[in-house]
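Just so you know, these numbers come straight off a predicted model, no measurement behind them.
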Amino acid sequence: MFKQGLKMAGLGLGIEVHIKEIPVSYAKSQQTFSLCDGQVVIHLGIAPGAKGITLEQTGKNHCFKDRDVSGLCPDRHCCIEGGPERLDSIIDMRSLSKHLKSMGLDVIYSRDAGRYLCDFVYYYSLYRGQGKAALIHVPASGSLASPERLVPQLQTVIQKTSSTKHNPITDYIAEMQ
């Protein structure tokens, strides 16, 4: 898949790539974040039917009713009991999307990450990291899904995402299967 291509290609000076696959399990997904506390986490989620790279602004806390691979849903269909209804990334994905479009990249801005595992993990990451997270959905199929096309575009998107932060910090890339 594209993750090895991204790891081999790198992201430029000052950006380390650490890739962690997250199982399609609500319970197990929350266990992956002890390794990345204090870092900006950039999640790459696979979105069937997507026509381009989608930059997600918002994670939602409720309405997780679809079962994971274990056949389970989160308690009360909620990510964080008592947490805010929604959380936004500190990264202005709308402005970033406009900038990337002006560079000729096929990107889409979104405020709805889908109410399944990607949204669940994104909200949890935003909550734990005080907004220091990003979710980038990539197409599951089609011409843009090929590693030859996707890796260079992801490099650019992640580099621009990283350059929007005030203090450069290591990015931790987690891929949702």
Side-chain angles (χ1 to χ4, degrees), residues 1-4 6-7 17-94 96-97 107-142 144-145 147 150 153-154 157-158 161 169-177:
M1 181 101 179
F2 60 86
K3 65 183 177 183
Q4 291 306 333
L6 192 58
K7 177 93 175 162
V17 178
H18 303 274
I19 296 176
K20 174 78 174 175
E21 286 189 30
I22 298 175
V24 184
S25 161
Y26 292 108
K28 291 179 182 176
S29 67
Q30 292 180 328
Q31 298 167 2
T32 61
F33 292 101
S34 61
L35 300 174
C36 55
D37 287 340
Q39 299 173 336
V40 170
V41 179
I42 299 176
H43 299 282
L44 301 177
I46 298 171
K51 302 292 185 221
I53 294 171
T54 305
L55 306 180
E56 303 289 354
Q57 184 69 57
T58 303
K60 307 283 190 328
N61 191 23
H62 295 95
C63 298
F64 296 101
K65 297 178 182 177
D66 290 332
R67 298 187 183 283
D68 64 16
V69 294
S70 303
L72 302 173
C73 291
D75 290 338
R76 296 184 176 94
H77 307 286
C78 173
C79 183
I80 303 288
E81 187 77 26
E85 177 59 33
R86 66 182 190 89
L87 292 171
D88 287 335
S89 174
I90 62 168
I91 299 165
D92 182 349
M93 295 297 206
R94 182 184 305 269
L96 181 60
S97 172
V107 295
I108 301 160
Y109 169 78
S110 169
R111 295 188 64 87
D112 184 0
R115 295 298 208 297
Y116 189 50
L117 194 75
C118 290
D119 199 4
F120 183 85
V121 168
Y122 189 36
Y123 181 90
Y124 187 76
S125 185
L126 289 165
Y127 185 85
R128 288 279 311 270
Q130 300 172 337
K132 291 188 261 179
L135 171 57
I136 302 167
H137 267 128
V138 298
S141 60
L144 186 58
L150 190 56
Q153 290 202 30
L154 281 174
V157 170
I158 293 169
T161 301
I169 29 188
T170 302
D171 291 313
Y172 183 95
I173 299 175
E175 177 192 9
M176 266 89 46
Q177 300 173 330

Kindly indicate whether the side chain of [X], heavy atoms from C-beta on, has any atom under 4.5 Å from the side chain of [Y].
X	Y	result
N61	C78	yes
C118	H43	no
F120	P74	yes
I136	T54	no
L117	V121	yes

So V138 and L150, side-chain contact (heavy atoms from CB on, under 4.5 Å) or not? Walk me through it.
-> CA-CA 8 Å; V138 298; L150 190 56; 4.1 Å; yes
Roughly how far, to the nearest 0.5 Å, is CZ of F64 from CZ of R76?
->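 These two atoms lie 15.5 Å from each other.
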Could you state the interatomic distance from SG (C63) to CZ (R115), rounded to the nearest 0.5 Å?
->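 Here the rounded value is 5.0 Å.
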Please report the shortest heavy-atom distance between [X] and [Y], naming the atom on each side.
X	Y	value
H137	A113	CE1-O, 3.4 Å
E85	H62	OE1-ND1, 2.7 Å
A145	P139	CB-O, 3.6 Å
Y127	I80	CZ-CG2, 3.6 Å
G59	Y123	O-CD1, 3.4 Å
L87	P84	CD2-CG, 3.8 Å

Step by step, would you call L55 with L96 a side-chain contact (heavy atoms from CB on, under 4.5 Å)?
-> CA-CA 8 Å; L55 306 180; L96 181 60; 4.1 Å; yes
T58: which of L126, L135, D88 passes side-chain contact (heavy atoms from CB on, under 4.5 Å) |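 Considering L126, L135, D88, a side-chain contact (heavy atoms from CB on, under 4.5 Å) with T58 is found only for D88.
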Distance-only, no hydrogens or angles: does the [X] side chain make a donor-acceptor pair with backbone N or O of [Y] under 3.5 Å?
X	Y	answer
Y122	E56	yes
Q57	M93	yes
Y124	S29	no
S70	L72	no
D119	K60	yes
Q153	G52	no

Just wondering, more than 12 heavy atoms not from R94 lying within 6.0 Å of its CZ?
->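 No - once you tally the heavy atoms of other residues, nucleotides and ligands closer than 6.0 Å, there are 12 at most.
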